[in-house]
Every structure is written in structure tokens, then in C-alpha cells.
2 protein chains.
Amino acid sequence: MNDRETVRLCKALADENRLQILHLLKNGELCACHLLDDLHITQPTLSHHMKLLCDCGLVDNRKEGKWMHYSIAKDAGKKISAIITEYLGEE
Amino acid sequence: MNDRETVRLCKALADENRLQILHLLKNGELCACHLLDDLHITQPTLSHHMKLLCDCGLVDNRKEGKWMHYSIAKDAGKKISAIITEYLGEE
DNA sequence: CATACAAATAGATACTTGTCAATGTATAAA
DNA sequence: TTTATACATTGACAAGTATCTATTTGTATG
């Protein structure tokens with residue numbers, strides 16, 4: 001992962017609503033409308049956030065009929081661990 | 001670390017210059033003027049970036065005479081690991 | 001004290017981003 | 001096919017941020 005991709009990933013994490021979205025997804029897949037119920041934002045804003053989270057590789061999506069299901073990407077943790085190794089040194 | 005602090009930490013990581021600064025500090029303490037040599041930014045801009053990195057707890061500073069020395073905080077890696085645990089779940 | 005050097009602060013500006021209302025697109029059901 | 005539902009896209013705007021120049025503050029030295 002180069003600097004630019006790392007920046008994109010960190011920017012994706014740098015928002016309270018997106019952190020809350022990740023926290024909600026932590027226990028498993030959820031559809032957009034369910035996420036929307038738990039957040040105080042409008043549907044277009046959620047759509048915007050989900051795009052950022054998916055684009056940086058933190059979240060996977062799966063379309064099923066009208067519903068869009070989101071889940072934390074399997075290697076999301078590894079991506080962040082790599083940042084520690086690359087920019088902070090091993091602990 | 002609450003959401004707001006996490007956001008601040010991630011914002012600090014979400015900039016190419018600051019990533020490069022961390023990379024430079026990875027091998028040990030450096031003074032501001034040395035960092036400045038390796039970056040294509042002005043002194044006030046570096047000062048701004050260092051303030052952000054210190055405020056979020058990723059970087060420590062130590063003043064010695066006229067010089068300001070910076071180093072990666074001992075628990076910087078732990079702070080980021082905690083984000084993985086909190087928002088992405090254990091791997 | 002006067003000068004030089006290192007870093008911080010102030011103020012300005014261009015750019016980015018989070019948000020919403022309005023609209024578009026896709027899918028399912030009646 | 002018409003209607004309803006779920007989500008994406010567009011366009012606009014306010015707030016935030018990265019950067020610079022100019023200035024100020026702090027510290028050492030002649």
C-alpha cells in the first residue's frame with residue numbers, strides 16, 4: 001500500500017459517523033437501511049460514507065435485490081496493521 | 001480512546017507529508033530543521049504538521065536549547081491497534 | 001545589548017469534505 | 001404497467017484544512 005492509498009484509508013477512518021458505521025458492522029453484515037436507522041444522517045449522506053468505506057477497502061458490499069449489504073472486509077485489520085509497521089515501526 | 005480522539009488520530013495520519021514525517025522518525029529522534037530538509041514544505045507548515053502529530057499522541061517532542069526534537073511516541077502503535085479492536089473486531 | 005538562528009503564531013487563500021434537498025436508477029410487488 | 005421501496009448521483013453550501021508570507025517569540029552567542 002503506497003502513501004496515497006494509506007491517506008485514503010486513514011481519511012475514511014477520520015469521521016465519527018464512519019467509525020460508528022464500522023462499529024455497527026463489527027458484529028456482522030448489515031443492510032444500508034438498518035445502518036440508516038442507527039445514524040442521524042440522511043440516506044444520501046450514508047451512501048456517500050459507504051462509498052468511501054468501500055473504496056478504501058475497509059468494507060465489502062453485496063447487493064441482494066433492492067438491498068445493499070455491507071460488512072467489514074476480511075483484511076481490514078491487516079491493512080491498518082500494515083500502517084503501524086510501515087510508519088511507526090514494530091512495537 | 002473515544003470516537004473524537006480516534007478521529008483526531010486518524011486525521012493526523014491522513015496526510016502524505018505527515019506519513020513521510022513518521023517514516024523519517026521511524027529510525028529515531030530528529031530535530032525539526034532536519035525534517036525540514038527532507039520535506040518540500042516551509043517551516044511554518046512543518047510546525048503545523050508537528051503540532052497535529054503531537055496533539056494526537058503519535059509523536060513526542062523534546063526541546064533542547066533552540067532545537068525541537070521529535071520522536072514517535074512509545075505507545076503510538078498501541079493506539080492504532082486499539083482502533084482495530086474497537087472498530088473492526090479482532091482478527 | 002545586538003545579532004543570528006529555530007520554531008511558533010497570525011492572517012490569507014485555495015482546496016477538500018460532510019451534509020442536505022432534489023433527482024435519478026434499479027428492483028420488486030400489485 | 002404503475003407504484004413503492006432501496007439506494008446512488010448531482011449540485012450547492014458551510015466548515016475544515018494545507019499551504020504560504022509575514023511576523024513574533026524564544027534562545028544562544030558575539
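Proteins get letters first, then strands, A, B, ... in listed order; numbering begins at 1 in each. Predicted, not measured: the structure shown is a model, and the values here were computed from it.
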Practice task
Could you tell me the separation between the CH2 atom of A:W67 and the P atom of D:dA8, rounded to a whole number of Å?
Solution key: 14 Å
Exercise for the section: Could you tell me whether the side chain of A:R18 and the main chain of A:L13 form a donor-acceptor pair under 3.5 Å? Expected result: no
Completion exercise
From CG of B:D55 across to P of D:dG16 the rounded distance in Å is 17 Å
Practice task
Taking the side chain as every heavy atom from C-beta outward, state whether B:L35 and B:M50 have any pair of such atoms under 4.5 Å apart.
Solution key: yes
Fill in the blank from the handout: In whole angstroms, the gap separating P of C:dA6 from NZ of B:K66 amounts to 5 Å
Exercise for the section: Would you mind reading off the distance between B:L36 atom CG and C:dA8 atom C1', rounded to a whole angstrom? Expected result: 13 Å
Practice task
Flag yes if A:V7 and A:M1 sit in one hydrophobic cluster, no otherwise; membership is Ile, Leu, Val, Met, Phe, Trp, Tyr, and two members link when side-chain heavy atoms are under 4.5 Å apart.
Solution key: yes
Practice task
Could you state whether B:L52 and B:L25 fall into the same hydrophobic cluster, counting links through intermediate Ile, Leu, Val, Met, Phe, Trp or Tyr residues with side-chain heavy atoms under 4.5 angstrom apart?
Solution key: no
Problem - Where protein sits on nucleotides 12-18 of chain C, one letter per nucleotide: B base, S sugar-phosphate only, - none, heavy atoms under 4.0 Å - result: ----SSS
Problem - For atom CE of B:M50 and atom P of C:dT9, their distance in whole Å - result: 14 Å
Problem - From CA spacing to verdict: side-chain contact (heavy atoms from CB on, under 4.5 Å), B:K79, B:L9 - result: CA-CA 9 Å; B:K79 282 179 192 291; B:L9 192 149; 3.7 Å; yes
Fill in the blank from the handout: residues 43-63 of chain A vs salt bridge (Lys or Arg N to Asp or Glu O under 4.0 Å), sequence neighbours excluded, gives A:E29-A:R62, A:K51-A:D55, A:R62-A:E64
Fill in the blank from the handout: Closest of C:dA8, D:dT9, C:dA6 to the A:K51 side chain is D:dT9
Practice task
Examine distances only and state if a side-chain atom of B:H23 and a backbone atom of A:E86 form a donor-acceptor pair shorter than 3.5 Å.
Solution key: yes
Exercise for the section: Start with the C-alpha gap between B:L24 and B:H34, add the side-chain angles, then the distance that decides, and say whether side-chain contact (heavy atoms from CB on, under 4.5 Å) holds. Expected result: CA-CA 10 Å; B:L24 289 168; B:H34 187 271; over 6 Å; no
Problem - Any residue of residues 37-44 of chain B with a heavy atom less than 4.0 Å from an atom of DNA chain D - result: B:I41, B:T42, B:P44
Handout entry: Distance in angstrom units between A:L46 CG and D:dA6 C1', rounded
Key = 11 Å
Handout entry: Close side-chain approach of A:I21 to A:V59, heavy-atom, < 4.5 Å
Key = no
Handout entry: Under-4.0 Å side-chain N/O to phosphate OP1/OP2 contact, B:K63 with D:dT27
Key = yes
Exercise for the section: Take the protein atom CG of B:L53 and the nucleotide atom P of C:dA8, then report the distance between them rounded to whole Å. Expected result: 12 Å
Practice task
Nearest whole angstrom, please: distance from the C1' of C:dA7 to the CE of B:M68.
Solution key: 8 Å
